[in-house]
Asks: 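Just dropping this structure here.
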Amino acid sequence: MAEADDASTTHAHRYGAALANVIERRWQDRWDAEGAFEAPNPTGLLHERWDERGADRPKLFVMDMFPYPSGSGLHVGHPLGYIGTDVFSRYKRMTGYNVLHTLGYDAFGLPAEEYARQTGTHPRTTTEANIANMRRQLRALGLGHDPRRSIATTDPQYYRWTQWIFLQLFGAWYDDEADAARPIAELEAAYAAGDRTPTHPDTGDEVAWDSLSRVEQRRVVDAQRLAYLDEAPVNWCPALGTVLANEEVTAEGRSERGNHPVFRRPLKQWMLRITAYAERLLADLDLIDWTDAIKTMQRNWIGRSEGARITFPVEGSAGIEVFTTRPDTIFGATYMVLAPEHPLVDELMADAWPEGTDDRWTGGAATPAEAVAAYRLAASQKSDLDRQAETKDKTGVFTGAFATVPTTGDRIPVFIADYVLMGYGTGAIMAVPGQDQRDWDFAVAYGLDIVRTVQPTEGFDGEAFTGDGPAINSGFLDGLDVDDAKRRIIDWLQDEGHGEGTVTYKLRDWLFSRQRYWGEPFPIVYDEHDLPIAVPDDALPVLLPEIDDWAPRELAEDADPEPPLGRASEWVGVDLDLGDGTRTYRRELNTMPQWAGSCWYYLRYLDPTNEDRMVDPGVEAYWMGSDAHTGGVDLYVGGVEHAVLHLLYARFWHKVLFDLGHVTTPEPFQRLYNQGYIQAAAYTDERGIYVPAEEVVEDDGSFSFEGKPVSREFGKMGKSLKNSVTPDEMYDAYGADTLRLYEMSMGPLDRDRPWETRAIIGSHKLLQRIWRTVIDEDSGEARVSDDAADDETRRVLHRTIDGVRGDMDGLRFNTAIAKLTELNNHLTKAYAEAPTPREVAEPLALMLAPLAPHTAEELWARLGHDSSLTYEAFPEADASLLVEDLVELPVQVNGKVRGRVAVAADADEATIVAAALADEAVARHLDGAEPRKTIVVPGRMVNLVV
RNA sequence: GUCGGAGUGGCGGAAUUGGCAGACGCGCUAGAUUAAGGAUCUAGUGCCCGCGAGGGCGUGGGGGUUCAAGUCCCCCCUCCGACACCA
């Protein structure tokens, strides 16, 4: 395509792809050579040029969600956000900020490993090659990054500190009284001093600290760490050979990556105690400048509900504890349900069916034990998809046991049913069919009593009633509305010792181990008692051993996980001296999940080469500090797909580091901005198979591929839809500046937008026309004069400056480009024959610089400047030129525009009305009538009402 | 089902606070230039009626508030996204 650009045969210096490519390479090399985008730190390493670029400037920390170095390289959808942050950063540099902007690589984890597995290469090899390719593609875009600060999470000098942070979590516990994490040593000291009384790890009884053995003491303490080992039901994916976090499992019960089946089973795993932070993660959303959409998603994920815990006595057991948000409905509880896997089931199950047990309750089994076993088996074999489809069909079996309603003394049957989940609340409910639809459905299916305890509103003809109304059939609660009844019953339960008001969260602790090779090894070893011990800081990093046989093996469903690190036979055992002589320890063989490295990379950008600390405190305080807000990264741009996982995990780690004094702000990201996605047309043939989008031909609204009709849809750009367009193609055809300009002009940054290759020409043409405004196409020399611009041009210029500044600050790059286009269109007309005045040409080049930096630099240089415009001041509008002395006002008659009049901008109302009445078209529409009312909005419009 | 977000010309979009709807661009039409081509230049382009002057309609649909509504209020429809038996 580039060779078709032979415009140069007529104009040797016309702007086109060939010229753009030359210019772009030249400026990229020069920026590198000059370290143009290196942001100085106030102290420590990376301090050089502080006086020049840092000292007198406010700081600005701009960040993108860093990419996985995927094997297929970039398509034009990927860099949308990167271009946006680059435009903003360049603009801010020109308005006097010390801007930190760089980009690292999130290179550990399943995607990299799966890619390596497919290509049969070691993940380190493929990862490094992919990073190199991505760097090349991104460099060609002219992104103004500080290359010294780019990190990869797979660098040992990076993951050394990921491991160090894990040890901070391992070495800390959550002090509920202080509402903060504290070093675990302080907990041990409190036990030793008798300030706190431990409970025995096996019996749960309060005991004296000194009466516990050293191993028992360790177990007491270990159970309270923010990073702890737990035997918990996990998502086991045999095909991937690893366990997965809840978030990595789809609603269909399959792995998000690879779509393999996932099974629930108990395994001993590392967990991070994010639940301790639930309340703060929720409350501190109020401190930060994120969209309501993302905040809502985080709130829903944390899932706070207020209610009560109530214990229902059961003969021969401690009773069943339930959580309910509607304690006021307790008088309507007609049965109870435990989750099938609830530990209490076996304990309270009856030996035989009680006299007169309803046939529907037994599941056809001879004894409760048989019924429970059969139901559990069936439940475990059901996929989550089946469960979903059966949402309405409630199933369960009776345990043969009865519980007592504390308020009435009534005996009610206890069931197990899979509509009650072990993982939420206490895994047990009191069922109130009158006020809960699920309970209603179950009660109808099993012939259980339904008692309304809230008077439904007049005309209510549904089943369970969940609205507000006076309590009925509820003894001492009768007549109270829901809120009052809740308060009253909670007081009663507390007074009588049956329960208490409480808060429950959906948020679960974070399952943090994976049976994978390509991840951060845990800095943990085990002693002869199988107790976990931290590897000392000075022995970090624990290097990922180089092994050839790293690939996970596909395993049978009932097999135990086999961490690949177990195959590094030289590595699994290690000799350490932890203060009591050198002994041999066994290493932790799991690795950390994908998310670990991305939880804190913004901190390492600040001080990437520091070998003594994660980040120098002075450097951290400078870049993360803020006078106006709670501090943190000033602008963080990325996709919504990280609304919960990454952003919640990162906030959690940050708060731990904050509690332990390693960072100075309670939140990591002050302002979050979600960029939209670039979508593209994709085409399917009659079999529904995707065909290559670039080979589809359009004919008058219908589409065909190889002569056969295909149907069109829009979707995310990518390999699977066969609709990728690569930046490299665009560089060749138009140059990087055109691509940048086009992506920024397509619409607001936060909206999805369809890619249309044929529309990119408009952006190319804009650069070509701006070039022609400043440069003579035949000689390549600037075609500018030092004569003053005419008044009109000067006004247009200053209005443009004013508008563009506002748009840049508000990330409205699309309208900034429109305003620059208008300015240039004006200049094309006003100075078609004469050279462009320098007083307009120079601001035009400077305003173009953030958007199309290579072209702008070249114009700037040809206008006679020796140095890069990176730190040149962005033009400022002269306020006196923004007000017009003569304005044209539309005149409405009864709200419809009927004419316009030109009046002095400061004309008074009477003058304006007189001018309006004098207008011929207005007079015609008034038809001799006297306006009943006149509205004059100064500088805006006139409305005459008849 | 619940919670979010969005619906404006053929297309992408603009309209900062209720004040000229459609900026800017793509596409399209006509003309200029060219041997030809267009990634060149100029002009036009919301829809309908009209030769024209001009008029009517118009921001998903219906109602309302207002001198004035894309913008505010009520009801409804459609699309996208997230969560989904959360007690």
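Values below: all heavy atoms of this structure, side chains included; hydrogens, waters and symmetry mates excluded. Order of the sequence lines sets the chain letters (A, B, ...), proteins ahead of strands, with each chain counted from 1. If you're wondering where the values come from, they're calculated on a predicted model, not measured in any experiment.
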Asks: Looking at A:Arg299 and A:Asp286, is any side-chain nitrogen of the basic one under 4.0 Å from a carboxylate oxygen of the acidic one?
Replies: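 Here A:Asp286 pairs with A:Arg299 in a salt bridge, since their nearest N and O are under 4.0 Å apart.
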Asks: Is the distance from OP1 or OP2 of B:A39 to the nearest side-chain N or O of A:Lys765 less than 4.0 Å?
Replies: no
Asks: Could you check whether A:Ser763 gets within reach of a base, just the sugar-phosphate, or nothing at all, counting any heavy atom under 4.0 Å?
Replies: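 Contact class for A:Ser763: none.
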Asks: What is the distance, rounded to the nearest whole Å, between atom CZ of A:Arg900 and atom P of B:G19?
Replies: 16 Å
Asks: In whole angstroms, how far is the P atom of B:C24 from the CZ atom of A:Arg799?
Replies: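 Going from A:Arg799 (CZ) to B:C24 (P), I get 13 Å.
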Asks: State whether A:Arg772 and A:Glu777 are salt-bridged, where the test is any N-O pair (Lys NZ or Arg NE/NH1/NH2 against Asp/Glu carboxylate O) under 4.0 Å.
Replies: yes
Asks: Tell me if a side-chain donor or acceptor on A:Arg376 pairs with a main-chain N or O of A:Pro340 at a distance below 3.5 Å.
Replies: yes
Asks: Donor-acceptor check, side chain of A:Asp439 to backbone of A:Ala431, threshold 3.5 angstrom: yes or no?
Replies: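 Here the side-chain-to-backbone pair does not exist.
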Asks: What does nucleotides 3-16 of chain B look like as a protein-contact string, B for base, S for sugar-phosphate only, - for none, at under 4.0 angstrom between heavy atoms?
Replies: SS-------SSS--
Asks: A:Leu766 has an atom CG; how far is it from atom P of B:U40, in whole Å?
Replies: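 Spelled out: CG on A:Leu766 to P on B:U40 is 12 Å.
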Asks: Report the distance from atom CD1 of A:Ile817 to atom OG of A:Ser763, rounding to the nearest 0.5 Å.
Replies: 6.5 Å
Asks: Provide the distance between the two C1' atoms, one in B:U59 and one in B:U8, to the nearest whole Å.
Replies: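 The answer is 4 Å between these two C1' atoms.
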Asks: Base, sugar-phosphate alone, or nothing: which one does A:Arg304 contact when heavy atoms must sit under 4.0 Å apart?
Replies: nothing
Asks: Is the shortest side-chain N to carboxylate O distance from A:Glu279 to A:Arg304 below 4.0 Å?
Replies: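 Salt bridge present between A:Glu279 and A:Arg304.
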Asks: Please state the C1' separation for the pair B:U34 and B:C48 - nearest whole angstrom.
Replies: 40 Å
Asks: To the nearest angstrom, how far is A:Leu507 atom CG from B:C83 atom C1'?
Replies: 14 Å
Asks: When rounded to the nearest Å, what value does the distance between P atoms of B:C80 and B:G12 take?
Replies: 15 Å
Asks: I want to verify a distance call: between B:A87, B:C85, B:A23, whose nearest atom is closest to the A:Tyr424 side chain?
Replies: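 Selected nucleotide (nearest to the side chain): B:A87.
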Asks: In residues 825-833 of chain A, which residues come under 4.0 Å of RNA chain B by heavy atom?
Replies: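 Correct list: A:Asn825, A:Lys829.
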Asks: Could you tell me whether A:Val945 contacts a base, only the sugar-phosphate backbone, or nothing, with contacts defined as non-hydrogen atoms closer than 4.0 Å?
Replies: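 Since only primed, P, OP1 and OP2 atoms lie under 4.0 Å of A:Val945, the category is sugar-phosphate.
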Asks: Say you pick atom P in B:G46 and the same atom in B:C26; how far apart are they, in whole Å?
Replies: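 So the two P atoms sit 16 Å from each other.
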Asks: Measuring from the side chain of A:Ile935 (C-beta onward, heavy atoms only), which nucleotide among B:G25, B:A87, B:G19 has the closest atom?
Replies: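 Taking heavy atoms from C-beta onward, the closest nucleotide is B:G19.
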Asks: Quick check: does any side chain N or O of A:Glu321 sit under 3.5 Å from a backbone N or O of A:Thr426, one acting as donor and the other as acceptor?
Replies: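 Flag not set: sc A:Glu321 to bb A:Thr426 has no pair under 3.5 Å.
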Asks: For A:Val432, which contact category applies under a 4.0 Å heavy-atom criterion: base, sugar-phosphate, or nothing?
Replies: nothing
Asks: For nucleotides B:G9 and B:G5, find the distance between their P atoms and express it as a whole number of Å.
Replies: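 Pairwise P distance, B:G9 against B:G5, rounds to 23 Å.
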Asks: Name the orientation of the base relative to the sugar in B:G9: syn if the glycosidic angle is within 90° of 0, else anti.
Replies: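 Syn conformation for B:G9.
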Asks: Can you tell me, in whole Å, how much space there is between the C1' of B:U16 and that of B:G70?
Replies: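 Taking atom C1' in both B:U16 and B:G70, they lie 15 Å apart.
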Asks: Please give me the minimum heavy-atom distance between A:Thr453 and A:Phe331, naming the atom from each residue.
Replies: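 Answer, listing the atom of A:Thr453 first, then A:Phe331: CG2-C, 3.8 Å.
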Asks: Taking CG from A:Asn824 and P from B:G25, how many angstroms apart are they, rounded to a whole number?
Replies: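 The distance from CG of A:Asn824 to P of B:G25 comes to 10 Å, rounded to the nearest Å.
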Asks: In whole angstroms, how far is the P atom of B:G18 from the CG atom of A:Asn943?
Replies: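 These atoms are roughly 18 Å apart.
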Asks: Can you see which heavy atom on A:Thr395 is nearest to which on A:Ala417, and at what distance?
Replies: O-CB, 3.1 Å
Asks: Strictly by Watson-Crick or wobble contacts shorter than 3.5 Å, is anything paired with B:C79, and which nucleotide is it?
Replies: B:G5
Asks: Between B:A39 and A:Arg14, is there an OP1 or OP2 to side-chain N/O distance shorter than 4.0 Å?
Replies: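 For B:A39, OP1/OP2 do not have a side-chain N/O of A:Arg14 under 4.0 Å.
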Asks: Once you round it to whole Å, what is the distance between P of B:U40 and NE2 of A:His13?
Replies: 20 Å
Asks: Report all interatomic pairs (protein N or O, nucleotide N or O of nucleotides 52-57 of chain B) with separations under 3.5 Å.
Replies:
residue, atom, partner, partner atom, Å
B:G55, OP1, A:His925, NE2, 2.7
B:G56, OP2, A:Arg898, NH1, 3.3

Asks: With a 3.5 Å limit on both atom pairs, tell me what B:A53 is paired to, counting Watson-Crick and G-U wobble, or say none.
Replies: none
Asks: Which class fits the ring pair A:Tyr15 and A:Trp771: parallel under 30°, tilted 30 to 60°, perpendicular over 60°?
Replies: tilted
Asks: I'd like the P distance from B:C28 over to B:G38, given in whole Å.
Replies: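 Looking at atom P only, B:G38 and B:C28 are 11 Å apart.
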Asks: From B:A39, B:C24, B:C85, pick the nucleotide closest to the side chain of A:Lys394?
Replies: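 Of the options given, the side chain of A:Lys394 lies nearest B:C85.
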Asks: Quick one: sort the A:Phe415 and A:Phe442 rings into parallel, tilted or perpendicular, breaks at 30° and 60°.
Replies: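 The arrangement is perpendicular - the two ring planes meet at more than 60°.
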Asks: Measure CD1/A:Ile429 against C1'/B:A87 and give the value in whole Å, please.
Replies: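 Result: 6 Å.
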Asks: Pick base, sugar-phosphate or nothing for A:Ala759, based on heavy-atom distances below 4.0 Å to the nucleic acid.
Replies: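 Sugar-phosphate, backbone atoms only, no base.
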Asks: Parallel under 30°, tilted from 30 to 60°, perpendicular over 60°: which one fits the rings of A:His642 and A:His646?
Replies: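 Perpendicular, since the angle between the ring planes exceeds 60°.
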Asks: When rounded to the nearest 0.5 angstrom, what distance separates CZ in A:Arg783 from OG1 in A:Thr773?
Replies: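 Those atoms lie 6.5 Å apart.
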